[in-house]
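Each remark here refers to the structure printed beneath this line.
Every chain is numbered from 1, with letters handed out A, B, ... down the list of sequences.
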Amino acid sequence: MKKSVLLGTIAAVGVMAGVASAGTLDDVKANGVLKCGVSTGLAGFAAPDANGRWEGFDVAVCRAVAAAVLGDGDAVQFVPLTTKVRFTALNSGEIDMLSRVTTWTFSRDVDLGLTFAGVNYYDGQGFMVRKDLGVASATELDGATICITTGTTTELNLADYFRANGMSYEPVPIETNAEAQQQYLAGACDVFTTDASALAATRATFESPDEHMVLPEIISKEPLGPVVREGDEPWGDIVRWTLNALITAEEKGVTMGNVAEMGAAAGPDPEINRLLGTEGGLGAMLGLEANWAANAIAVGGNYGELFEANVGEATPIGLSRGLNALWTQGGLIYTPPFR
Amino acid sequence: MAMADQPAGKSFRLSMLLYDTRYRSMTIQIIMLAAFIAGVAWLLDNMYANLAAANKNPDFTFLSAPAGYDINQRLVEYTSQSTNARAWLVGLLNTLLVAFLGCIIATVIGISVGVLRLSKNWIVARLMTVYIEIFRNVPVLLWIAFLNAILSETLPQPKDFKGEDAEATMSLWNTVIISNRGVFIPEPVFLSGSAIMLYVFIASIVAIFAFGRWASKDQETTGRILPTFWIKLAILIVPTLIVYFVMGQPVDWILPAFEGRGAFDANGEPYTKGIFRIDADSGINIRRSLIALCLALSLYTAAFIAEAVRAGIMAINKGQSEAAGALGLRQNRVMSLVVLPQALRVIIPPLISQYLNLTKNSSLAIAVGYMDVTGTLGGITLNQTGRALECILLLMITYLTISLSISMVMNIYNNSVKLKER
Ligand SMILES: N[C@@H](CCC(=O)N[C@@H](CS)C(=O)NCC(=O)O)C(=O)O
C-alpha cells in the first residue's frame with residue numbers, strides 16, 4: 001500500500017514534468033481559454049467582485065494577454081493559488097501564466113525554472129501595526145509577534161532585516177492573505193508584514209482602517225510581475241510585449257476610449273500605428289492577429305487606466321503612482337520601443 | 001490430489017510451468033514480479049527523463065545551504081543562517097512533540113470516554129456518545145482551525161495586561177500568563193546539586209516498579225490489598241522533595257513576565273516606544289498553535305480510541321464481569337482487574353492505527369502556523385528552493401520512518417499483553 005502511494009507520486013511527478021513543454025501559445029489557442037494563476041484574494045490585485053467576476057490589477061494583465069491571444073478578455077480561467085503552490089502550478093502546466101504579486105528574484109529566475117515577463121508594479125516590503133501599539137518605526141519592533149505569509153520573499157527579508165538590526169521576533173507563518181488579516185485583527189500578532197501595496201489593499205478592507213498604520217520603513221525591493229515557464233520563449237514574448245503594449249499605450253495616449261478609433265486606420269504617429277497593427281507586421285511576428293495590442297488595450301485601458309481603476313488614488317486602496325509612474329514622469333515604468 | 005496423480009519420474013516439459021499446479025503459482029508469481037520491476041523501472045526512467053527535460057535533476061545540495069527563514073518553535077538551536085537540513089530537524093522534532101503529546105492525551109481521554117460510554121448512568125453515557133459523534137464526524141482540519149480561532153479570539157492579548165487597571169491579569173499567583181499568543185509557564189533552571197535530585201527521582205521510579213511487584217506478590221500470598229496508587233505516588237514525589245530541601249532548593253524558576261520597558265519608563269510615565277510584550281526570555285512559551293493543534297488532534301483521535309475501547313470491553317463475555325462481581329469484587333476493580341486486561345488485546349491493534357493517524361494528521365499543522373516537518377521541509381524549504389520532488393521524497397521517508405517506529409513499539413507492547421498460551 002505504502003509502496004503504491006510512493007509509486008503513484010513518482011508517476012504523477014513524471015507526468016506533470018512531461019506537460020511542461022514548449023508550445024503554450026498553441027495550447028492556449030486550442031483550448032480557447034487562458035489559464036491564469038492569481039492570488040486567492042487580494043483586493044485591488046485579484047479578487048472576485050460581488051458577481052464572482054475576477055477583478056484587479058494582476059487580473060487585468062491576464063485579461064489583456066487573453067485578449068491579445070484570443071481576442072476576448074473574458075476567455076480566462078482564473079486559478080487562485082497560494083504562495084505555496086504557485087510555482088509548482090506553473091511548472092506543471094496547470095496554468096499558462098502566473099500574475100500574482102510575485103517578486104522577480106535571482107533564484108526564482110535562474111534556479112526555479114521561471115521566466116519573468118516584466119514588472120507591472122514596483123513594490124517594497126512594509127509593516128502594518130495598530131496605531132495604539134504606539135510604535136512609529138520598524139526599528140522599535142524588537143520582540144514583536146509578526147504575521148507573515150509563508151513561501152514568500154517576505155519571510156526571507158524579514159529574517160535578514162531583524163538579524164541585521166540585532167532584533168528578535170516571533171514569526172507566525174500563515175498561508176493566505178485572508179487568514180493573515182484575520183489573525184492580525186484578532187491580535188494574534190502585533191505586526192503584519194508583506195508588500196506595501198498588499199498592506200494598503202488589506203488595510204482598505206478593514207472595518208476601521210484609521211486604527212492601523214503602515215510604518216515608514218520599506219525594507220526590500222519587490223518588483224512584481226507576470227511569470228511564465230522557462231523554455232518557451234515565444235510565449236514569454238507574448239506576455240512580455242502585451243504588458244509593454246499597455247505601457248506604451250499610456251505613453252502614447254492610447255486609451256480604452258480611443259483605441260477603437262485609433263486602430264481603425266493609420267494615423268500620424270508611426271509607433272502607435274505599429275502598436276495597433278495599422279502599419280508593419282508586429283502581431284504576425286508574435287504569431288498573433290495584427291490588432292492584438294488594440295484588443296489588449298480595449299479590455300480595461302492602458303497601464304495608467306488600469307492602475308487608477310484598480311489600485312489608484314480614487315480607489316479605497318489609494319496608492320499613488322510613485323515608482324510606478326511612467327519614466328517620463330519620474331517613475332520607473334519604461335518599455336523598449338515597438339519597432 | 002493432482003500432485004499425487006503425477007506419474008513419478010516423468011521428465012519436465014516447459015508446458016508444465018503453466019498446466020502443472022506444482023509450478024503454476026510459482027510461474028505466475030515470477031511473471032508478476034518481473035512486471036512489477038519493469039513498471040517501476042519505467043516510472044523511474046520516465047521521471048528522470050522528464051525532470052532532465054525540465055532541467056531539474058534530483059539534487060540534494062540545497063540541504064546544506066542556509067535556510068534563510070526563522071522558525072518560532074525551536075527545540076534545538078536554530079537561526080535563519082542554519083541549513084535547510086537543520087530546519088528539517090527542527091520541524092521533525094516539532095512533529096514528534098505534537099504527536100507524542102497528542103497520543104498521550106488522546107489515550108487518556110479515549111479510554112475514559114470509552115469506559116464512561118458504557119456507564120449505567122444514562123446522562124453520562126449519552127454525553128459521551130454525543131462527544132464521540134461530534135468529533136468523529138467533523139473533519140479534523142476544521143477542529144484544528146476552530147480551536148485555534150477560539151483561542152486567538154477569546155484569550156486576552158498582551159496589551160490587555162497593560163496598565164494599572166488592566167483587563168487581564170496573570171494566573172496562579174502571578175506565575176502563569178495565559179494569552180492568545182500562548183501560555184507562558186515558569187521555566188526551571190537547574191543549579192548545582194540538582195543532579196542529585198535527578199538520581200533520586202530515577203531511583204524512585206525504579207522503586208515504584210519494585211514495590212508494585214512486591215505488592216502483587218504480597219497480595220497473592222496474604223490476600224492483603226494495599227492502596228498501591230497512593231503509596232506509589234508518595235514514592236514518586238516525597239524523596240525528591242526531601243532532597244530538594246536538603247540540598248538547599250537547587251532549582252530556580254524563571255517566571256514569565258512582561259517586558260518592563262513596555263509598561264512604564266524610569267519616570268513612571270507610560271513608555272510608548274517599542275512593543276508591550278511578554279518577555280521572550282522569561283518562562284516557557286507553550287504557543288497557541290501547539291495548544292490548538294495538540295488539543296484538536298487528541299480530541300478527534302480520542303473519539304476513535306473511545307470506540308475501540310468500547311468495542312474491546314464489549315468483546316469480553318458478560319459472564320466474566322458477572323463472575324467477578326459474584327466473587328465480591330467492586331465495579332471499578334472488575335473493570336481494572338478482569339475486563340480491561342483482556343480487552344486490551346482487542347483494543348491495541350486499532351489503537352496503533354489511531355496513533356499513526358494522529359501522527360500523520362499532525363501534518364495539517366500549517367493551518368495554525370505550527371512549524372512541523374511539513375511546514376519547514378515540505379513548506380518553506382520546498383518553496384524557497386523549488387526542490388519539490390526532493391523535499392516530498394524526504395518528507396515521505398520521514399513520515400514512513402516515524403510510522404514504522406510507532407508500529408514497531410506498539411507491536412512489541414501488543415505481544416507482551418497477548419494471550420499467553422501455556
Ligand atoms: N511578493 C512576495 C509576496 C507575495 C504574496 O504572496 N503576498 C501575499 C501578501 S499577504 C498575498 O498577496 N497573498 C494573496 C493571497 O493570499 O492569495 C513574493 O512574491 O514572494
Under 4.5 Å from any heavy atom of chain A, what part of [X] do you find: side chain, backbone, both or neither?
{"X": "T385(B)", "answer": "backbone"}
{"X": "Q81(B)", "answer": "side chain"}
{"X": "I71(B)", "answer": "backbone"}
{"X": "A367(B)", "answer": "backbone"}

As an exercise, state the distance from [atom1] of [X] to [atom2] of [Y], rounded to the nearest 0.5 Å.
{"X": "I148(A)", "Y": "I380(B)", "atom1": "CD1", "atom2": "CD1", "result": "6.5 Å"}
{"X": "D160(A)", "Y": "D70(B)", "atom1": "CG", "atom2": "CG", "result": "9.0 Å"}
{"X": "N383(B)", "Y": "L112(A)", "atom1": "CG", "atom2": "CG", "result": "8.5 Å"}
{"X": "R288(B)", "Y": "Q183(A)", "atom1": "CZ", "atom2": "CD", "result": "4.5 Å"}

What part of [X] is in contact with chain B, defined as an atom under 4.5 angstrom from a non-hydrogen atom: side chain, backbone, both or neither?
{"X": "T83(A)", "value": "backbone"}
{"X": "T139(A)", "value": "neither"}
{"X": "Y169(A)", "value": "side chain"}

* Pair E170(A) + R287(B), salt bridge at N-O below 4.0 Å ->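 Between R287(B) and E170(A) there is a salt bridge, with a charged N closer than 4.0 Å to a carboxylate O.
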* **Donor-acceptor under 3.5 Å (Q157(B) side chain, A186(A) main chain)** =>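 It does hold such a pair.
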* Does some side-chain heavy atom of P173(A) sit less than 4.5 Å from a side-chain heavy atom of N72(B)? ->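 Yes; the side chains approach each other to less than 4.5 Å.
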* Would you check if R387(B) and D111(A) make a side-chain contact, meaning some heavy-atom pair closer than 4.5 Å? =>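 Yes; the side chains approach each other to less than 4.5 Å.
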* To do: Taking all non-hydrogen atoms of both residues into account, name the closest pair between R181(B) and A188(A) and its distance.
  =>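 It is NE-O, 3.0 Å.
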* Heavy-atom neighbours of F206(A) CZ exceed 12 at 6.0 Å ->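 Count over threshold, so yes.
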* **Over 12 foreign heavy atoms within 6.0 Å of OH, Y48(B)** =>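 Count not over threshold, so no.
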* Asked: Between S137(A), C147(A), S107(A), G187(A), which shows the greatest number of heavy-atom pairs under 4.5 Å with chain B?
  ->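 Looking at each of S137(A), C147(A), S107(A), G187(A) in turn, G187(A) comes out on top.
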* Asked: Which residue out of R86(A), R108(A), E175(A) racks up the most heavy-atom pairs below 4.5 Å with chain B?
  ->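 Counting heavy-atom pairs under 4.5 Å, the top option is E175(A).
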